[in-house]
Asks: 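Have a look at this one.
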Amino acid sequence: MALVVQKYGGTSVGTTEKIKNVARRVARTKDAGNDVVVVISAMAGETDRLIGLAHELSELPDEREMDLLLSSGERASAALLAIALRELGYPARSFTGRQAGFITDGAHTKARIKKIEAKNVLDALKEGMIAVVAGFQGVDELSHDVTTLGRGGSDTTAVALAAGLNADVCEIYTDVTGVFTADPRIVPEARKLKAVSFEEMLEMASAGAKVLQVRSVEIGMKYNIPIHVRSTFSEEEGTMVVPANKDMEDVVVSGVTYDKNQAKITVVGVPDRPGIAKALFDPIAEANINVDMIIQNVSQDGLTDISFTVARTELPKAIKVIENVVKEIGAQKFITDDTIAKVSIVGVGMRSHPGVAATMFDALADEGINIIMISTSEIKVSCVIEDKYLELAVRALHRAFELDKEGS
Ligand code: ADP
Ligand code: ASP
Ligand code: MG
């Protein structure tokens, strides 16, 4: 008997009809003789709806309250799925993140899992039940407040639970048939990848491919949990996210990804002296805001400009911090830009193939797209551009690296 962890995303449970469909799918897995644990997301649009309500009341809603609010979406769908399963004649029990034993740190809205005390889930399995776990949430180990794991966090709930329970497989069911060479909604000729390495998937996810949350891939990689990304709506085999193997090394670029959730802050007229970067970025880190790219210009007359990017959703919070910092360090002013986006190419073969970045810059130049910032890692090149050119850029790069062709 195998232990299978399945996660169903928001669009897979968007209506009660779809919840019934998921229940039937879960039931088939149970009928095949497996123990089944299901992790469930909020119904499609529910998390955004709740965020919208909070923003009608406050520009910067308190993060502890946000977590309690947003966790309700997943709780509702978990209970609904358990109800649907029972209706089909399958004993099922739903759990909140706390009941499923997800203990996290206290970083509200993007908490990290510290440990999982899955006794309730294991007891349910022992009783022959299907366990249904509300994704995306846990409980702060110190304050016992409800926390959430960041947007897309149900993926992380699923992979972490698969690791904690030593599951045989973790299946991520979603609204596409796997991981593609680019978002198939933007590039219709994108190809589904049969397999992708943890390393590449990590870079793709951190560059914005939201098909898997970054942390879910980190956990899969750390605990060697193969992740099968596949469709809720078809039986088609999806994409296996697995340790790198030799065949994969041949591919120079395996995917193009994008991230619209980007904003740039430029601090102008910063005194160019030791300790300034620390004075600028420490308070941002203390506010738990992730900084992605950073550029410091050449200084003139002892003054320089420093630009950096943050998630657009975190811009209001970052502005609050920067307003104070600018005064403290004696900078002249700061400017923000929330009309940027990031486009990236990812591939393990880049390590041994020079000239990949140049091909990327050429392709963008051919479309008349200006590059605002660049960053590179061993297996990724990212460019910040104006967001209105994003889809054009993704398509142009997909063509330039011939990703529509088999074996590219
Ligand atoms: P779920 O609600 O199931 O968690 P998400 O919306 O979080 O689903 O993630 C699935 C979406 O990810 C797809 O609908 C697709 O538009 C997007 N996506 C972005 N990049 C990729 C990619 N490279 N391959 C597949 N899907 C991608
Ligand atoms: N419901 C949460 C979100 O929309 C978590 C998830 O779906 O994974 O981000
Ligand atoms: Mg998701």
Side-chain angles (χ1 to χ4, degrees), residues 2-9 25 29 32 34-39 113 116 135 152-184 190-232 234-257 344-353 377-380 401 403 405-408:
L3 171 57
V4 180
V5 174
Q6 300 185 328
K7 176 257 174 179
Y8 292 88
R25 205 151 182 154
T29 312
N34 302 297
D35 274 339
V36 191
V37 177
V38 187
V39 172
I113 300 166
I116 306 174
S154 298
D155 298 332
T156 301
T157 304
V159 180
L161 202 50
L165 298 174
N166 209 1
D168 297 279
V169 60
C170 182
E171 298 179 322
I172 303 287
Y173 285 88
T174 185
D175 57 357
V176 286
T177 53
V179 179
F180 284 70
T181 49
D183 186 342
R191 261 186 320 111
K192 188 175 79 184
L193 301 164
K194 275 204 192 72
V196 61
S197 67
F198 281 122
E199 234 182 331
E200 278 173 319
M201 195 61 234
L202 199 60
E203 291 281 15
M204 284 172 77
S206 70
K210 68 172 185 159
V211 61
L212 283 177
Q213 199 201 31
V214 181
R215 284 181 188 167
S216 70
V217 189
E218 280 170 2
I219 294 170
M221 190 162 161
K222 183 166 170 191
Y223 295 98
N224 204 3
I225 304 293
I227 304 171
H228 187 180
V229 179
R230 59 190 308 187
S231 168
T232 308
S234 83
E235 296 293 329
E236 199 178 320
E237 283 289 301
T239 300
M240 290 305 299
V241 188
V242 287
N245 62 51
K246 270 216 168 73
D247 298 342
M248 294 173 176
E249 300 286 339
D250 290 338
V251 182
V252 179
V253 171
S254 47
V256 179
T257 57
S344 309
I345 53 170
V346 174
V348 283
M350 267 185 218
R351 283 195 186 112
S352 48
H353 286 78
S377 80
E378 257 198 318
I379 65 165
K380 178 176 74 181
F401 290 99
L403 293 179
K405 299 202 178 111
E406 198 64 48
S408 52

Asks: Quick check: does any side chain N or O of Asp168 sit under 3.5 Å from a backbone N or O of Leu3, one acting as donor and the other as acceptor?
Replies: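 Flag set: sc Asp168 to bb Leu3 pair under 3.5 Å.
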Asks: When you check the gap from the basic side-chain N to the acidic O, do Glu171 and Arg25 get nearer than 4.0 Å?
Replies: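 So Glu171 does not pair with Arg25 through a salt bridge.
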Asks: Evaluate Ile219 against Ile225 for side-chain contact (heavy atoms from CB on, under 4.5 Å), listing each step before the verdict.
Replies: CA-CA 8 Å; Ile219 294 170; Ile225 304 293; 5.7 Å; no
Asks: Under a 3.5 Å distance rule, please check whether Glu200 uses its side chain to pair with a backbone N or O of Val346 as donor and acceptor.
Replies: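 Checking the backbone N and O of Val346 against the side chain of Glu200, no donor-acceptor pair under 3.5 Å is found.
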Asks: Distance check, rounded to the nearest 0.5 Å: Met204 atom CE versus Phe180 atom CZ?
Replies: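 Going from the CE atom of Met204 to the CZ atom of Phe180 covers 11.0 Å.
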Asks: Please confirm whether the backbone N or O of Gly153 pairs with a side-chain atom of Arg215, one donor and one acceptor, at under 3.5 Å?
Replies: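 No, because the side chain of Arg215 does not come within donor-acceptor range (under 3.5 Å) of the backbone of Gly153.
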Asks: Could you give the distance from OG1 (Thr174) to CG (Leu212), rounded to the nearest 0.5 Å?
Replies: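 So the gap between those two atoms works out to 8.5 Å.
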Asks: Would you check if the side chain of Thr156 reaches a backbone N or O of Ser216 as a donor-acceptor pair within less than 3.5 Å?
Replies: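 Side chain of Thr156 to backbone of Ser216: a pair is present.
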Asks: Considering non-hydrogen atoms only, spot the tightest contact between Val253 and Leu403 and give its length.
Replies: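 Heavy atoms of Val253 and Leu403 come nearest at O-CD2, 3.1 Å.
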Asks: Which atom names give the shortest non-hydrogen contact between Gly152 and Gln213, and what distance separates them?
Replies: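 For Gly152 and Gln213, the tightest heavy-atom pair comes out as O-CB, 3.3 Å.
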Asks: Please confirm whether the backbone N or O of Glu237 pairs with a side-chain atom of Lys192, one donor and one acceptor, at under 3.5 Å?
Replies: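 Pair found, side chain donor or acceptor close to backbone of Glu237.
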Asks: To the nearest 0.5 Å, what is the distance between CE on Met221 and OG on Ser197?
Replies: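 Going from CE on Met221 over to OG on Ser197, the span is 8.0 Å.
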Asks: Does Val179 offer a backbone N or O that forms a donor-acceptor pair with the side chain of Thr239 under 3.5 Å?
Replies: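 Checking the backbone N and O of Val179 against the side chain of Thr239, a donor-acceptor pair under 3.5 Å is found.
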Asks: Please give me the minimum heavy-atom distance between Val39 and Ala158, naming the atom from each residue.
Replies: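 Val39 and Ala158 have their closest heavy atoms at CG2-CA, 3.8 Å.
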Asks: I would like to know whether Leu193 and Thr181 meet side-chain contact (heavy atoms from CB on, under 4.5 Å); could you show each step before the answer?
Replies: CA-CA 7 Å; Leu193 301 164; Thr181 49; 3.9 Å; yes
Asks: Please report the shortest heavy-atom distance between Phe198 and Asn224, naming the atom on each side.
Replies: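 Result for this residue pair: CE1-OD1, 4.1 Å.
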Asks: Suppose we screen for side chain to side chain donor-acceptor pair (under 3.5 Å). Which residues come up paired with Lys210, at least two apart in sequence or across chains?
Replies: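 So Lys210 forms no side chain to side chain donor-acceptor pair (under 3.5 Å) with any residue.
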Asks: Leu202 and Val214: side-chain contact (heavy atoms from CB on, under 4.5 Å), yes or no, with the steps?
Replies: CA-CA 6 Å; Leu202 199 60; Val214 181; 4.0 Å; yes
Asks: Decide side-chain contact (heavy atoms from CB on, under 4.5 Å) for Tyr8 and Val38; before the verdict, give the C-alpha distance in whole Å, the side-chain angles of both, and the deciding distance to 0.1 Å.
Replies: CA-CA 8 Å; Tyr8 292 88; Val38 187; 3.7 Å; yes
Asks: Write down the atom of Val242, the atom of Ala195, and the distance for their closest heavy-atom approach.
Replies: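 Residues Val242 and Ala195, closest heavy atoms: CG2-CB, 4.4 Å.
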Asks: Given side chains that start at C-beta, do those of Ile345 and Met350 come closer than 4.5 Å, heavy atoms only?
Replies: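 A side-chain contact exists here, since the closest heavy-atom pair is under 4.5 Å.
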Asks: Tell me if a side-chain donor or acceptor on Arg351 pairs with a main-chain N or O of Ile379 at a distance below 3.5 Å.
Replies: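 Here the side-chain-to-backbone pair does not exist.
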Asks: I need the Leu161 CG to Lys7 NZ distance, nearest 0.5 Å.
Replies: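 The NZ atom of Lys7 is 13.5 Å from CG of Leu161, to the nearest 0.5 Å.
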Asks: Minimum heavy-atom separation for His228 and Gly238, please, with both atom names.
Replies: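 Closest approach of His228 to Gly238: NE2-N, 2.9 Å.
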Asks: Counting C-beta onward and ignoring hydrogens, is there a side-chain heavy-atom pair between Tyr173 and Arg230 closer than 4.5 Å?
Replies: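 Contact flag for Tyr173/Arg230 side chains = yes.
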